[in-house]
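Here is how names work: the chains are called A, B, and so on, in the same order as the sequence lines, proteins then strands, and each is numbered from 1. Bear in mind that the values here come from a model prediction, so they are computed numbers and not experimental data.
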Number of protein chains: 2
Amino acid sequence: MALFLSTHTNKIDKKGRVSVPARFRSILTERGYGAIVLFPSFEGNAINACDMGVMEGLLERIGGFDPFSEDRESDADVLMAEATELPIDGDGRIIIPLTMLEQLGIEGECIFAGRGDSFQIWRPADFEDRMKAVKERARLKRSSGGSLGGANNE
Amino acid sequence: MALFLSTHTNKIDKKGRVSVPARFRSILTERGYGAIVLFPSFEGNAINACDMGVMEGLLERIGGFDPFSEDRESDADVLMAEATELPIDGDGRIIIPLTMLEQLGIEGECIFAGRGDSFQIWRPADFEDRMKAVKERARLKRSSGGSLGGANNE
DNA sequence: TGGGATTACATGGAATATCATGGAAATATT
DNA sequence: AATATTTCCATGATATTCCATGTAATCCCA
């Protein structure tokens, strides 16, 4: 399956519209989706983006609606409440909810960063910072004999 | 299947009418329903909302009517007794029973919060509180190796 | 392998449609 | 008849669709 790779910087116009990178769009289409789902990253410094299939899988894992069960993860509920499904318009654009943009201080442009099976949206300055940090961490790990350091998480 | 995602804040007019978010309506229509079922949440601080199909599935899991069985949970009976089916009018609105609104102290406006296969209706202030609380809990859990496997990892 | 032609893409603005919401009219209830 | 409930209509705000354009990438053929 095709993966979301590379990073792209696109502009956000005054109506809040942003072009989803063409390559990302084609991957979504390939998977059968014409919309993307956004939700805040756990750390709160980026937006996670995936397709509806990922959300459905998540719901399946936490179990369906059961009003008597206490064990349904309440953080999963928050996730569902904070997530939004955005249709991709005829020109390949989405409108990122203002609340998300404000939360991250995104203005004017943003970065789409591939993550393999999903991707993230960043404020350019924050993304650079993070890249630096991750590279530095990888360098340290390498000198102490790590294995393929950043391949999985973060 | 489309999921109920995101949160919407809508006004309740003096006649008690509230617009069901258009996206939620379209999902219900997609599933073949023109009405929604409401009943108090277990914790009592929100209203659960779903379609009749979900209620039927719920009943099935609980166990249908059996005059010789005592083991059917009385909770289930209460649930069915407290539930009401509300038609969605031509403009996409419902009228939430006054008793429910009073119980929750809802006045003027309410929040529709997606939960995947269902959604909830909240008093805005209570919803915010809950979001904060759950996020905090998730943060703590995470620092000590929480669940929800990489789905919400940064 | 240049370099011109063509296409794909991101972006801006304008036209159009949808949505939430308030009030009035019509219908039902008692 | 009086009141409550439901249906219908109007409207401002918001979101979506449509079209135009500059630019960058790709193609193509001499």
Side chains of B:Arg115 and B:Ser118: donor-acceptor distance under 3.5 Å anywhere? no
Residues in contact with DNA chain D, drawn from residues 5-26 of chain A - heavy-atom cutoff 4.0 Å: A:Lys15, A:Arg17
One should read off an interatomic distance between B:Arg31 CZ and B:Cys50 SG, to the nearest 0.5 angstrom, of 9.0 Å
Rounded to the nearest 0.5 Å, what separates atom CG in B:Asp13 from atom CZ in B:Arg93? 6.0 Å
Please report the closest heavy-atom contact between A:Ile62 and A:Ala76, naming both atoms and the distance. CD1-CB, 3.5 Å
Looking at every non-hydrogen atom in both residues, tell me the closest pair between A:Phe39 and A:Leu79 and how far apart they are. CD1-CD1, 3.1 Å
Should side-chain heavy atoms under 4.5 Å link Ile, Leu, Val, Met, Phe, Trp and Tyr, which residues sit in the same cluster as B:Val134? A:Val78, B:Ile111, B:Trp122, B:Phe127, B:Met131
Heavy-atom check, side chain of B:Phe112 versus side chain of B:Val18, under 4.5 Å: yes
Going by heavy atoms in the side chains, are A:Phe24 and A:Ile36 under 4.5 Å from each other? no
Side-chain donor-acceptor distances from residues 102-109 of chain B under 3.5 Å, at least two apart:
none

What is the bend of the helix from C:dT1-D:dA30 to C:dT30-D:dA1 when you compare the axis at one end with the axis at the other, using five pairs each and rounding to 10°? 40°
If you walk 5' to 3' along DNA chain C, what is the first nucleotide with an atom under 4.0 Å of a heavy atom in chain B, and what is the last? C:dC19 to C:dA24
Cluster check A:Tyr33, A:Met55: I/L/V/M/F/W/Y, side chain < 4.5 angstrom: yes
Hydrophobic clusters here meaning ILVMFWY residues chained together by side-chain heavy-atom distances under 4.5 Å, can you tell me if B:Leu5 and A:Leu58 are in one? yes
From CD1 of B:Ile88 across to P of D:dT7 the rounded distance in Å is 13 Å
By nearest nucleotide on DNA chain D, pick out whichever of B:Gly90 and A:Asp89 is the more 5' one. B:Gly90
Could you list the protein-to-nucleotides 19-23 of chain D atom pairs, N/O on both sides, closer than 3.5 Å?
{"residue": "D:dC19", "atom": "N4", "partner": "A:Asp91", "partner atom": "OD2", "Å": "2.8"}

Strictly distance-based, threshold 3.5 Å: is any side-chain N or O of B:Ser6 a donor or acceptor partner for the main-chain N or O of A:Thr84? no
Verify the neighbour count for atom CD of A:Glu60: are there more than 12 heavy atoms of other residues, nucleotides or ligands below 6.0 Å? no
